[in-house]
Amino acid sequence: MSKEDKIKVLYVDDEINNLHGFKATYRMDYNVFIANNTDEALNILREHPDMRVILSDQRMPDKTGVQFFEDVRKEFPSPVRMLITGYTDVESVIESINRGNIFRYIKKPWTDFDIKSAIDEGNKFYLSNTTLAIRNEELQKAYNELDKFAYSVTHDMRGPLLSILGAIDLARENENMDEIKEMLGMMDKSIIKLDNFIQSIHDYYNLNRGELQIVDVDFQKIVNDLKDIYGVGGLAGNVQFDVQINQSEPFRSDDMSLRIILNNLLSNAFKYQRRDEEHKKVSLSIEVNKGIATILVADNGIGIDEAHVNDIFNMFYRATTEEVGSGFGLYNVKDALNKLNGDIKVSSTLKEGSTFTVTIPTK
Amino acid sequence: MAEEKLNFIIIDDSKLDCFIAEKIIRNTGKATDIRSFTAAQEALAYVTDNRVAEGTRTIVIVDIQMPVMNGFDFVEAFEKLPDESRKGYTLYMLSSSINENDLNRVQSYPSIRQFLNKPLTSNMLSTLLEMP
């Protein structure tokens with residue numbers, strides 16, 4: 001075990017001999033730090049905030065161990081604190097334990113077994129505490145997303161439904177067939193919008209709840225499937241779709257995440273076109289080189305205002321009122337890329353188009 | 001006394017909702033002019049540039065959740081306009097939101113007359129028009 005892998009233990013005692021004895025005994029098992037007064041101990045802690053266990057003598061000239069731990073706890077709540085003391089101090093030890101300042105105490109003179117079992121127990125306690133802290137953080141993040149989600153559901157799911165209800169109500173009293181047909185067309189769009197939103201939610205949950213399944217990726221195959229959706233006769237209509245793939249080496253990644261990324265970027269590129277542009281274009285290029293896949297999705301569409309470029313990856317953010325969007329797509333892209341350790345960059349000019357550059361390392 | 005003239009401005013990013021509102025308003029036969037905007041910033045520019053004429057009332061129906069500039073942004077910007085620009089405009093907020101924070105927030109803007117639930121119906125509109 002290298003020094004870096006060993007757990008960090010700090011021992012504070014005013015007796016230099018005790019310190020050296022301790023270090024000599026345990027330096028093979030732990031990464032041992034020693035301090036012969038409390039100021040020195042605090043300095044060591046500032047340099048090593050990842051200290052796991054602190055052992056302190058109770059009787060020291062500048063401060064008692066109990067007082068020292070009370071101070072330490074404020075600045076460094078994470079390391080597990082243990083007091084080393086003789087029987088005579090039992091009152092102060094009990095009080096300190098009851099106030100939560102000390103995890104356990106070790107009786108003087110200590111045995112090798114006492115120290116080792118105390119440190120190992122303390123380390124376990126430290127680990128479960130920090131895991132709990134990380135879990136709590138994840139849980140908090142999930143709650144925040146749920147809040148956002150519930151808020152958006154009222155708008156993004158109820159919205160299209162209420163529009164349709166309103167239209168039905170109107171159509172009922174309308175005798176004009178052309179107007180009714182016009183409304184039907186718009187109801188159709190509302191339903192597509194709702195359906196897109198539901199599919200994005202599906203993507204979102206697949207990304208968040210599913211484990212990555214790393215397989216050999218054949219970009220040609222993924223692109224062939226996408227071409228069926230966007231190519232001639234597909235959704236693209238009159239948009240020119242150029243594809244270039246250059247993959248001469250194996251690439252390992254999660255197939256579904258890649259599809260979510262490509263599908264969202266392409267669907268945006270096709271969707272946010274300028275209506276008055278005669279030669280609407282979308283180009284996709286994929287190059288795999290030295291274990292890195294570089295994906296470029298470019299269009300000559302409406303572009304993104306510079307003021308909004310940093311927000312487009314936020315959940316439910318929409319930078320335009322043109323076309324129907326769920327505000328979910330690029331969030332899912334970013335989320336998928338985080339899981340694949342990938343990165344995305346955007347360069348865009350309003351009314352000229354956008355280029356998204358994605359880089360993903362092989363797994 | 002001559003009957004007051006009524007104009008309408010609808011602000012909603014959903015084209016269908018704009019269409020529905022326009023239709024319902026037109027069916028009342030009381031509107032002189034109806035305009036709809038799918039982008040609130042365009043509506044704001046219009047309101048800023050167009051004073052309401054004497055003897056005319058312009059009812060503005062604005063959605064809450066819209067991209068780029070949402071309904072609240074619009075109302076805040078509107079409230080910053082000089083008095084003479086705001087004169088004659090009456091604001092209503094229309095939304096599918098059932099979020100309590102949104103509803104409370106609506107109360108905090110003095111220029112919003114009332115909160116309306118989507119979808120807009122002819123009944124709602126006639127009640128609204130009966131208000132002085």
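Chain A is the first sequence line, chain B the second, and so forth, proteins listed ahead of strands; every chain is numbered from 1. Quick caveat: nothing in here was measured; it's all calculated off a predicted structure.
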Could you report the tightest heavy-atom contact between A/L162 and B/K118, atom names first, then the distance? CD1-O, 3.6 Å

Count the heavy atoms of every other residue, nucleotide or ligand shown that sit under 6.0 Å from CD of B/E84, and state whether that count exceeds 12. yes

Closest heavy-atom pair, A/A167 versus B/I20, reported as atoms and distance to 0.1 Å, is N-CD1, 3.3 Å

NZ of B/K23 to CD of A/E179: how many Å apart, nearest 0.5 Å? 3.0 Å

Given heavy-atom pairs under 4.5 angstrom as the criterion, report whether the side chain, backbone, both or neither of B/D102 touches chain A. side chain

What's the separation between atom OG in B/S96 and atom CG in A/L161, rounded to the nearest 0.5 Å? 9.5 Å

A/I164 and B/L16: which non-hydrogen atoms are nearest, and at how many Å? N-CD2, 4.3 Å

How long is the span from the NZ atom in A/K189 to the OG atom in B/S14, to the nearest 0.5 Å? 10.0 Å

Heavy atoms only: give me the nearest A/L165-B/P119 pair and the separation to one decimal. CB-CG, 4.4 Å

So, the part of A/S163 with a heavy atom under 4.5 Å from chain B: the answer is both

Let me know if A/N174 has heavy atoms under 4.5 Å from chain B in its side chain, its backbone, both or neither. side chain

By a 4.5 Å heavy-atom criterion (distance strictly below it), what part of B/N27 contacts chain A: side chain, backbone, both, or neither? side chain

Tell me if the CD atom of A/E306 is crowded by more than 12 foreign heavy atoms within 6.0 Å. no

